[in-house]
Amino acid sequence: MSPKAMARPGGRSARVQEAVHAAVREIEAEKGRASLTVPAVAARAGVTPSTIYRRWGDLHELLSDVAVERLRPEEPPADHGSLHTDLESWARQFLDEMASPSGRAYIRDALLGDPDGSNAGQCSAYAADQIEVILARATGRGEAVPDAEAVMDHVVAPMMYRILFQPGRLTASYADHLVQAALTGP
């Protein structure tokens, strides 16, 4: 993906990105994924196909950009009053969303059109940001907290592995087990 597609553009560039992203979501919802082509998206968005090719490169990179935007959390993680409960609640929600058919499709799209790994890195940053909010709140309450990277390694990484390679073995108790191990050790 080009650096321009990752930046939060302003003005006309922001309007183009918004229109193109909306066109992708609308066409997919109305006609299905097979109907997504650069000319169809361009026509729906009111831009030329060359605008899409210039900004995103190809359909896979466009879909990757849309997926990364869709994977962005819309709000901070819930505050339940303790590190364990906050992290467990977040992990269950993360697993539920990412393991859903739409979540798996977004992950696939984000990775497929990501030749340099920047979209994967952005998705990882979204999870890390959410975890850091949880850890900061716990620190503010005086709780002992693990390192954010350790939580990523012991909670997020195993979940993503299973989402990608063993999707039939995903349960809330699995998420709870990962959180417990991250907080107390295996």
Side-chain angles (χ1 to χ4, degrees), residues 1-77 90-91 93-132 148-149 151-153 155-170:
M1 168 171 297
S2 71
K4 290 190 287 188
M6 284 302 294
R8 284 272 181 201
R12 181 183 186 283
S13 187
R15 288 189 301 275
V16 168
Q17 181 174 343
E18 184 179 322
V20 170
H21 279 215
V24 167
R25 291 189 303 271
E26 291 166 6
I27 292 169
E28 188 170 19
E30 293 169 11
K31 300 178 182 178
R33 187 166 184 86
S35 297
L36 286 173
T37 65
V38 169
V41 171
R44 174 71 64 103
V47 300
T48 64
S50 65
T51 298
I52 292 175
Y53 289 120
R54 191 171 42 255
R55 184 177 176 103
W56 286 278
D58 64 19
L59 183 62
H60 290 301
E61 289 187 41
L62 170 58
L63 294 178
S64 182
D65 192 40
V66 171
V68 169
E69 188 62 31
R70 298 291 292 176
L71 291 169
R72 177 189 308 273
E74 295 179 5
E75 54 193 46
W90 179 85
Q93 180 179 353
F94 180 84
L95 182 62
D96 187 53
E97 290 174 2
M98 295 297 109
S100 72
S102 61
R104 289 174 47 80
Y106 291 137
I107 292 167
R108 184 178 52 250
D109 284 347
L111 298 176
L112 186 61
D114 188 23
D116 65 0
S118 60
N119 285 346
Q122 185 59 55
C123 292
S124 177
Y126 292 157
D129 290 348
Q130 294 271 296
I131 289 167
E132 287 173 4
E149 196 68 27
V151 175
M152 291 292 289
D153 289 345
V155 177
V156 177
M159 280 197 269
M160 290 304 296
Y161 177 84
R162 289 230 180 144
I163 288 166
L164 293 171
F165 301 112
Q166 296 176 329
R169 300 177 56 196
L170 300 169

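Note that the structure is a prediction, hence the values are computed from the model and not measured.
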Mutual orientation of the aromatic rings belonging to Trp90 and Phe94 [parallel < 30°, tilted 30-60°, perpendicular > 60°]: parallel
Work out which heavy atom in [X] is nearest to a heavy atom in [Y]; give both atom names and the distance.
X	Y	value
Ser35	Ala40	O-CB, 3.8 Å
Pro76	Gln130	CA-NE2, 3.9 Å
Cys123	Val68	SG-CG2, 4.0 Å
Pro39	Pro49	CA-CG, 4.2 Å
Arg25	Val66	CG-CG1, 4.4 Å

Roughly how far apart are [X] [atom1] and [Y] [atom2], rounded to 0.5 Å?
X	Y	atom1	atom2	value
Arg44	Lys31	CZ	NZ	6.0 Å
Glu69	Tyr126	CD	OH	5.5 Å
Asn119	Leu111	CG	CG	8.5 Å
Gln122	Ser118	CD	OG	8.5 Å
Leu71	Glu97	CG	CD	9.0 Å
Arg70	Arg72	CZ	CZ	12.0 Å

Under 3.5 Å donor-acceptor, Asp114 side chain and Ala120 backbone: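 Checked: pair present.
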Side-chain donor or acceptor of Asp96 paired with backbone N/O of Ser100 under 3.5 Å: no
Contacts of type side chain to side chain donor-acceptor pair (under 3.5 Å), residue Thr37, not counting sequence neighbours: none
Which residues share a side chain to side chain contact (heavy atoms under 4.5 Å, CB included) with Ser124, sequence neighbours left out: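 Side chain to side chain contact (heavy atoms under 4.5 Å, CB included) check on Ser124 returns Met152.
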Those residues that, when tested against Asp129, pass side chain to side chain contact (heavy atoms under 4.5 Å, CB included) (two or more places apart): Glu132
Full working for side-chain contact (heavy atoms from CB on, under 4.5 Å) between Ile52 and Val47: CA-CA 8 Å; Ile52 292 175; Val47 300; 4.1 Å; yes
Neighbour count above 12 (heavy atom, 6.0 Å) for Glu26 CD: yes
Atom NE2 of His21: over 12 foreign heavy atoms under 6.0 Å: yes
Within a strict 4.5 Å, meaning less than it, do heavy atoms of the [X] and [Y] side chains meet?
X	Y	answer
Val156	Ile131	yes
Leu63	Arg33	yes
Leu95	Arg162	no

Verdict with reasoning, Ser64 to Leu112, per side-chain contact (heavy atoms from CB on, under 4.5 Å): CA-CA 7 Å; Ser64 182; Leu112 186 61; over 6 Å; no
Criterion side-chain contact (heavy atoms from CB on, under 4.5 Å) on Met159 and Leu170, from CA distance to verdict: CA-CA 8 Å; Met159 280 197 269; Leu170 300 169; 5.8 Å; no
Verdict with reasoning, Val38 to Trp56, per side-chain contact (heavy atoms from CB on, under 4.5 Å): CA-CA 10 Å; Val38 169; Trp56 286 278; over 6 Å; no
